[in-house]
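One structure is given here, and the rest of the page talks about it.
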Amino acid sequence: MTDEQGTSSAILVVGGGISGLTAALEAAEVGNDVILVEKNPSLGGRVAQLNQYFPKMCPPSCGLEINYQRIKKNRKIRTYTLTTVKSVTGGPGNYEVTLEIKPRYVTCNCAVCGGCATSVPDQFDNDFNFGMDKIGAVYLPHEMAYPRRYVINKEALSEEGLKKLSECKNGGIDMDMTVETKTVRVASIIWATGWVPYDASKIDNLKYDSSDAIITNMEMERLAAPSGPTNGKIVRPGDSKEPESIAFVQCAGSRDENHLEYCSHICCMATFKQMTYIREQYPDAQIYVFYIDLRTPGKYEKFREARMKDEKATFIKGKVADIIANDDGSVTVVAENAQTMEKIQQTVDLAVLATGMQPSVAVDGVPEGLKTDNSGFIISEPEKGIFSAGCARKASDVVTTTQNSTAAALKAIQVTRRGRING
Ligand SMILES: Cc1cc2nc3c(=O)[nH]c(=O)nc-3n(C[C@H](O)[C@H](O)[C@H](O)COP(=O)(O)OP(=O)(O)OC[C@H]3O[C@@H](n4cnc5c(N)ncnc54)[C@H](O)[C@@H]3O)c2cc1C
């Protein structure tokens, strides 16, 4: 265990996605010490996986890069990647938190020359691209990774790979690194642990695992991204067919008591956004959107209206009952039009399941002492100096998550000041 760090005016932010970054920066920029921990090797969270952001349709690098620059300049923020919270003891104003830091196997001597990354032949499934391609065992997590540091997947290394690593002349590799723990003292804690895509394999009737032609909306983001597995070309995984027809299946597992009982608020907007990706590449493709309700409140209405003018897009109010895989690689979407009662069987080259956002702690396990609602969203407990922010608190878009992360930062700062005022 290394030395204790932090002070009773420090704030711990758990999760380095857009919400955690926002909360950390807002607190640090008014003078609080912040300890920011992220379980992945780099910051940015799910936003880094998006091709473009609605409503402005800019690449996520726009928003993230500004935050990385602010973090770089701010000495009040101490960032730990590959790190999770092991235990929390104490109370508001005086928490003692034990962090667990996984080994990166790359030291601060690494010159990021990339020599070992190209010489080591081993690869493993690339999680960032949802396993649609492979990544080297010595890797930068993705194009925009911050911090820009390599990481090694020890389990994926062969004898030959290990030998190549031993050739590093800079002392940049240490395969003897082990898990470390570190204790920090903080006044309050912001949980910004975000979301995971709902597991599409659990939705039996949509047969996600039965065909390469059935993908999720997050897979579509990676297919459309220039840094993705197909360099941004939207093609059917498996046979690389350019799709002439695409169906979007809204509320895939959402608003359904057998899966996610709530609406994730962004899936309709994500589909309208992805229609734009398709139109740019395939002006003549037929698009079918199967929905229960189209929810694009407030400022997003105009975005929806513009996409609904698309003459080659058909909107069908009806829940999809089944998706059948065909021998030629296509799939047939089966639904009933709730307005005309007509039974529909629409064959398409690609079906996109608009799966919702599930709080990550609902899948990874709720840390001891945290309060959640029935779906696993973390509930703030101001009297304890514990706050939730972003999609850990509520499924939402980036604007809403940054707003409530700023609010969480303010509440956390108040806890740090209370001690000083009372004392
Ligand atoms: C298909 C799709 C498209 C979307 N497109 C848009 C869009 O165009 N515009 C828009 O505004 N919104 C969009 N969204 C929503 C957007 O992705 C979220 O608003 C955003 O990711 C929320 O950020 P977050 O920081 O709360 O969570 P996340 O992005 O999930 O970040 C959470 C971070 O916490 C880390 N973490 C998790 N558990 C732990 C732990 N125990 N310890 C340490 N770290 C942990 C994670 O590794 C991650 O880095 C889209 C969502 C979907 C599903």
Side-chain angles (χ1 to χ4, degrees), residues 18 46-47 49-60 62-63 195 197-198 200 206 214-226 228 232-234 243-255 260 262-320 323 333 335 337-339 344 346 348-357 391 394-402:
I18 193 75
R46 298 277 167 198
V47 164
Q49 289 178 296
L50 304 178
N51 173 38
Q52 290 175 345
Y53 272 117
F54 61 71
K56 287 192 178 161
M57 302 301 276
C58 48
C62 297
W195 62 280
Y198 185 67
L206 300 183
I214 309 173
I215 64 170
T216 67
N217 50 7
M218 281 305 282
E219 287 170 342
M220 174 59 99
E221 290 294 327
R222 295 312 301 147
L223 282 176
K233 182 96 181 135
I234 300 169
E244 289 165 41
S245 51
I246 295 116
F248 286 93
V249 179
Q250 297 307 110
C251 293
S254 295
R255 302 169 67 193
L260 302 181
Y262 51 90
C263 163
S264 281
H265 294 289
I266 59 84
C267 311
C268 291
M269 275 300 284
T271 288
F272 286 120
K273 173 178 71 163
Q274 294 180 352
M275 282 177 66
T276 310
Y277 302 163
I278 291 164
R279 266 299 156 257
E280 277 166 7
Q281 296 190 20
Y282 303 108
D284 294 325
Q286 291 295 331
I287 297 175
Y288 304 89
V289 181
F290 292 86
Y291 67 95
I292 308 175
D293 301 294
L294 291 172
R295 292 181 167 173
T296 53
K299 57 191 180 296
Y300 292 145
E301 278 293 273
K302 287 213 171 341
F303 193 94
R304 176 185 65 76
E305 281 165 15
R307 270 75 193 168
M308 288 188 81
K309 285 189 183 136
D310 185 326
E311 285 177 357
K312 296 201 172 82
T314 310
F315 293 83
I316 304 132
K317 187 172 171 69
K319 203 170 159 71
V320 171
I323 303 182
V333 179
N337 186 323
Q339 285 161 330
I344 299 168
Q346 183 62 56
V348 288
D349 288 333
L350 198 60
V352 184
L353 308 184
T355 45
M357 300 191 277
C391 287
K394 182 179 184 287
S396 45
D397 60 355
V398 170
V399 173
T400 311
T401 61
T402 52

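Aromatic rings of Phe54 and Tyr300 (six-membered ring for Trp) have centroids within the 6.0 Å cut-off, being under it.
Put simply, the side chain of Gln52 never gets that close to the backbone of Ala224: no donor and acceptor are under 3.5 Å apart. Using a distance-only test at 3.5 Å, with no hydrogens or angles considered, no donor-acceptor pair links the side chain of Ser254 to the main chain of Cys251. Side-chain atoms of Glu280 do not come within 3.5 Å of backbone N or O of Tyr277 as any donor-acceptor pair. Side-chain N or O atoms of Thr355 include none that pairs as donor or acceptor with a backbone N or O of Pro197 at under 3.5 Å. At distances below 3.5 Å, at least one donor-acceptor pair connects side-chain atoms of Gln274 with backbone N or O atoms of Asn217. Within the 3.5 Å criterion, the main-chain N or O of Ala285 finds a donor-acceptor partner in the side chain of Arg279.
In terms of heavy-atom proximity, Gly356 sits nearest to Cys267 at CA-SG, 3.9 Å. When all heavy atoms are compared, the tightest approach of Cys391 to Trp195 is CB-CD1, 3.6 Å. Of all heavy-atom pairs between Gln281 and Ile234, the closest is OE1-N, 2.9 Å. Closest approach of Phe315 and Phe272 over heavy atoms only: CE2-CE2, 3.6 Å. When all heavy atoms of Ile266 and Ser396 are compared, the closest pair comes out as CG2-C, 3.7 Å. Considering every non-hydrogen atom in both Pro60 and Val47, the closest pair reads CB-O, 3.2 Å.
In this structure, Phe290 and Ile344 have side chains that are in contact, with non-hydrogen atoms separated by less than 4.5 Å. Gln49 has its side chain out of reach of Glu221: every pair of non-hydrogen atoms, C-beta onward, lies at least 4.5 Å apart. Residues Arg222 and Asn51 fail the side-chain proximity criterion, which asks for heavy atoms closer than 4.5 Å. Using a 4.5 Å heavy-atom cutoff, the side chains of Arg295 and His265 are not in contact. When side chains are defined from C-beta on, Gln250 does not count as touching Ile292, because their heavy atoms never get closer than 4.5 Å. Between Thr314 and Gln346 the shortest side-chain heavy-atom distance does not fall below 4.5 Å.
From Met275, atom CE reaches atom CZ of Phe248 across 7.0 Å, with rounding to the nearest 0.5 Å. If you take SG on Cys62 and CE on Met57, they are separated by 12.0 Å, rounding to the nearest 0.5 Å. The distance from atom NZ of Lys309 to atom CZ of Arg304, rounded to the nearest 0.5 Å, is 10.5 Å. Considering NZ of Lys299 and CG of Asp397, their distance stands at 5.5 Å, rounded to 0.5 Å. How far CD1 of Ile278 is from NZ of Lys312: 13.5 Å, rounded to the nearest 0.5 Å. Atom NZ of residue Lys317 and atom CG of residue Asp293 lie 4.0 Å apart, to the nearest 0.5 angstrom.
Looking at residues two or more places apart in sequence or on another chain, you find a side-chain contact (heavy atoms from CB on, under 4.5 Å) between Ser245 and Gln286, Tyr288, Val348, Asp349.
Of the options Leu350, Val249, Val352, Leu353, a side chain to side chain contact (heavy atoms under 4.5 Å, CB included) to Ile214 is made by Leu353 and by none of the others.
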Next on the checklist: Would Leu50 and Met218 count as a side-chain contact (heavy atoms from CB on, under 4.5 Å) here? Give the steps.
Outcome noted: CA-CA 8 Å; Leu50 304 178; Met218 281 305 282; 4.0 Å; yes
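When the shell of 6.0 Å around CD of Glu305 is examined, it contains more than 12 heavy atoms from other residues, nucleotides or ligands.
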